[in-house]
Colleague: 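Got a structure here, written out as structure tokens. Questions coming.
Lettering of chains follows the sequences in order, A, B, ..., and the numbering in each one begins at 1.
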2 protein chains.
Amino acid sequence: MSLKRKNNKSTQVPEPTLRRLPGYLFFLEKVREKGVINISAPTIGKELKCDPTQVVKDLAVTGIKGKPRVGYNTYELCHALEEFLGFNRVNEAFLIGAGNLGTALMAYQEHQTLGIKIIAAFDVNEDKIGKHVGGIHVLEYNKLFHLSNRLDVKIAILTTPNNVAQDVAEDLVNCGVKAIWNFTHCNLDLPDNIIVEDISMSSFAAVLLRRLNDSEE
Amino acid sequence: MSLKRKNNKSTQVPEPTLRRLPGYLFFLEKVREKGVINISAPTIGKELKCDPTQVVKDLAVTGIKGKPRVGYNTYELCHALEEFLGFNRVNEAFLIGAGNLGTALMAYQEHQTLGIKIIAAFDVNEDKIGKHVGGIHVLEYNKLFHLSNRLDVKIAILTTPNNVAQDVAEDLVNCGVKAIWNFTHCNLDLPDNIIVEDISMSSFAAVLLRRLNDSEE
DNA sequence: ATATATTAAAGAAATAATTCTTTATTAAAA
DNA sequence: TTTTAATAAAGAATTATTTCTTTAATATAT
Ligand SMILES: NC(=O)c1ccc[n+]([C@@H]2O[C@H](COP(=O)([O-])OP(=O)(O)OC[C@H]3O[C@@H](n4cnc5c(N)ncnc54)[C@H](O)[C@@H]3O)[C@@H](O)[C@H]2O)c1
Ligand SMILES: NC(=O)c1ccc[n+]([C@@H]2O[C@H](COP(=O)([O-])OP(=O)(O)OC[C@H]3O[C@@H](n4cnc5c(N)ncnc54)[C@H](O)[C@@H]3O)[C@@H](O)[C@H]2O)c1
């Protein structure tokens, strides 16, 4: 999306592949629950409507080998995918900005299955401080600095208003945060080693509206 | 993301470009407010930290021509970008599922600047029906069918639980909806001419966690 | 006026990602 | 046991996207 991060020596897994992996994982978990032991790439491709060789290439990043005429072992694959994505670990995260979107994310239980656990939320607004949503407490923003000294939290979810996002992001970096999930549409300017994942509504809207326009000729 | 839609004769604008365009628009609006009349691609590139020739190529899709040694006219560009993206039109949308995420999106005023206007929300839960958030009423789900006959709404925002998403999506298509902004992580199986824009938390989590892992070697 | 530096535009090259092809493996059928 | 069909894996070819290079235009300075 923004600037490419090439801070790793060995060839990184391509982003399109990475984005597709959770889809495979969820599908595989579903069929595994139904008792399916083995599944082939063509079958996965048919269900998920994508190219079977793409499936093979994507799944290869996990290191799991399939057997000809049998396919992949669903248990092995699920496990390897979870491991590879980090979904089976508990990756603790702070949430900053307990507003409309922030509280929706706090209430969102599925984060657990994505390996991300919001352990505390922070806000500057008196009305928000002290509340708790989905078992997560909203703390005074200033407490972020004290808490981050004790805890080693590497991930932050940023849901403040746009105009304070840059300042808050800089605070987060100073608190030892290494990756920011940015829901604001502020173009964060941070050191290169900080991972920023922008989830920009506007980009989605742009693609949707334009494609809709295209389809109407 | 999922399957490529190639339903348009002329070469479509590449998706990566489309995703970047709103970023240019917001930046340009900001500098225009400061009274900047002209701006060059290298300047934009420096601010947004991207390649200047990329900027030139991206902006070329609007049809706006820049002048050597001067750059682009900010007014012209903003206008052309809004026009191209459809952000200056009122694209009416239905929202289905007025839960945590749904109500956050209803309260989200910035949709207006993205050209999307939620005109009504629908839910099956008695407790939700009748409420209104951000000036938008939550109606009984069944009213969707009546209303869609009268109104010609082409866009739907899907924020129901995952397990009903497919059924609801099919209803929406039957109601004449042409584009679905899908926030569930259900793999919607719909006719090819329907535009589905998946905003999958899991994909973002995957990229974020994996890159974090990569950076820690 | 003339020269100079800046820059958009167009095209070429490089890189990344996807799709196609071939090969080798293996379970099941004959 | 031998044959057959299915399929993973590896690599080639294609396609898409980004980056680099050249060219032409033009405002500013000389
Ligand atoms: N609401 C949505 O559905 C939605 C969707 C996509 C993106 N976004 C983006 O998410 C961000 C938040 O949106 P929202 O609708 O939740 O807004 P909001 O105003 O409801 O929430 C923002 C919260 O941040 C708090 N805050 C303000 N300054 C702060 C600071 N310096 N430190 C910590 N907290 C601070 C506010 O008190 C408030 O509780 C915006 O950038 C918006 O563009 C929102
Ligand atoms: N909460 C989040 O932050 C978040 C973030 C990303 C994605 N999501 C996804 O968005 C979806 C909704 O999440 P949520 O947290 O808002 O859940 P939620 O349970 O709070 O909201 C779902 C709403 O849909 C309504 N609903 C149920 N069945 C319906 C039907 N057949 N027709 C119409 N409405 C129906 C429910 O009454 C409820 O109000 C889920 O798929 C979730 O994975 C949520």
Colleague: Rounding to an integer number of Å, can you tell me how far A:D51 CG sits from D:dT15 P?
Modeller: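 Value for this atom pair: 14 Å.
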
Colleague: Should the ring pair A:F183 and A:W181 be called parallel, tilted or perpendicular, given that the plane angle runs from 0 to 90° and is split at 30 and 60?
Modeller: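 Taking A:W181 first and then A:F183, their aromatic rings sit tilted (interplane angle of 30° to 60°).
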
Colleague: Within the 3.5 Å criterion, strictly below it, is a donor on A:S200 or A:D198 matched to an acceptor on the partner's side chain?
Modeller: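 Checked: A:S200/A:D198 side chains show no N/O donor-acceptor pair below 3.5 Å.
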
Colleague: Give the rounded distance in Å between these two atoms: CG of B:D58 and P of D:dA16.
Modeller: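 Going from B:D58 (CG) to D:dA16 (P), I get 17 Å.
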
Colleague: For B:A165, check side-chain contact (heavy atoms from CB on, under 4.5 Å) against everything at least two apart and list the hits.
Modeller: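 B:A165 satisfies side-chain contact (heavy atoms from CB on, under 4.5 Å) with B:L158, B:T160, B:T184, B:C186, B:L188 once adjacent residues are dropped.
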
Colleague: Mind listing the N/O atom pairs, protein and nucleotides 5-14 of chain D, below 3.5 Å?
Modeller:
| residue | atom | partner | partner atom | Å |
| --- | --- | --- | --- | --- |
| D:dA5 | N3 | A:R69 | NH1 | 2.9 |
| D:dA6 | O4' | A:R69 | NH1 | 3.3 |
| D:dT7 | O4' | A:R69 | N | 3.3 |
| D:dA8 | OP1 | A:A41 | N | 3.1 |
| D:dA8 | OP2 | A:A41 | N | 3.4 |
| D:dA8 | O3' | A:G66 | N | 3.4 |
| D:dA8 | O3' | A:G66 | O | 3.2 |
| D:dA9 | OP1 | A:G66 | N | 3.0 |
| D:dA9 | OP2 | A:Y72 | OH | 3.1 |
| D:dG11 | O6 | A:K57 | NZ | 2.7 |

Colleague: Is any NZ, NE, NH1 or NH2 atom of the basic residue among A:R211 and B:E197 found under 4.0 Å from an Asp or Glu carboxylate oxygen of the other?
Modeller: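 Salt bridge: no.
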
Colleague: Could you give the CD-to-P distance, from B:E15 to C:dA17, as a whole number of Å?
Modeller: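 So the CD-P distance, B:E15 to C:dA17, works out to 14 Å.
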
Colleague: Rounded to whole Å, please give me the gap between CG in B:N73 and P in D:dT26.
Modeller: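 In whole Å, D:dT26 P and B:N73 CG are 15 Å from each other.
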
Colleague: Below the 4.0 Å mark, does D:dT17 have OP1 or OP2 next to a side-chain nitrogen or oxygen of B:R20?
Modeller: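 Result: no.
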
Colleague: Rounded to whole angstroms, how far apart are CZ on B:R19 and P on D:dA16?
Modeller: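 From B:R19 CZ to D:dA16 P: 16 Å.
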
Colleague: Expressed in angstrom and rounded to an integer, what is the separation of B:L59 atom CG from C:dT7 atom P?
Modeller: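 That distance rounds to 15 Å.
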
Colleague: Please table the atom pairs, donor to acceptor, closer than 3.5 Å between any side-chain atom in residues 102-117 of chain B and protein atoms at least two apart or in another chain.
Modeller:
| residue | atom | partner | partner atom | Å |
| --- | --- | --- | --- | --- |
| B:T103 | OG1 | B:G99 | O | 2.7 |
| B:T103 | OG1 | B:N100 | O | 3.2 |
| B:Q109 | NE2 | B:A107 | O | 3.4 |
| B:E110 | OE2 | A:N162 | ND2 | 3.0 |
| B:E110 | OE2 | A:H185 | NE2 | 2.7 |
| B:H111 | ND1 | B:L105 | O | 3.4 |
| B:T113 | OG1 | B:E110 | O | 2.7 |

Colleague: Hey, is B:R89 close enough to B:E83 for a salt bridge, meaning N to O under 4.0 Å?
Modeller: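 Between B:E83 and B:R89 there is a salt bridge, with a charged N closer than 4.0 Å to a carboxylate O.
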
Colleague: Write down the distance between CD (A:Q54) and P (C:dA16), rounded to a whole number of angstrom.
Modeller: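 Answer to the nearest Å: 16 Å.
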
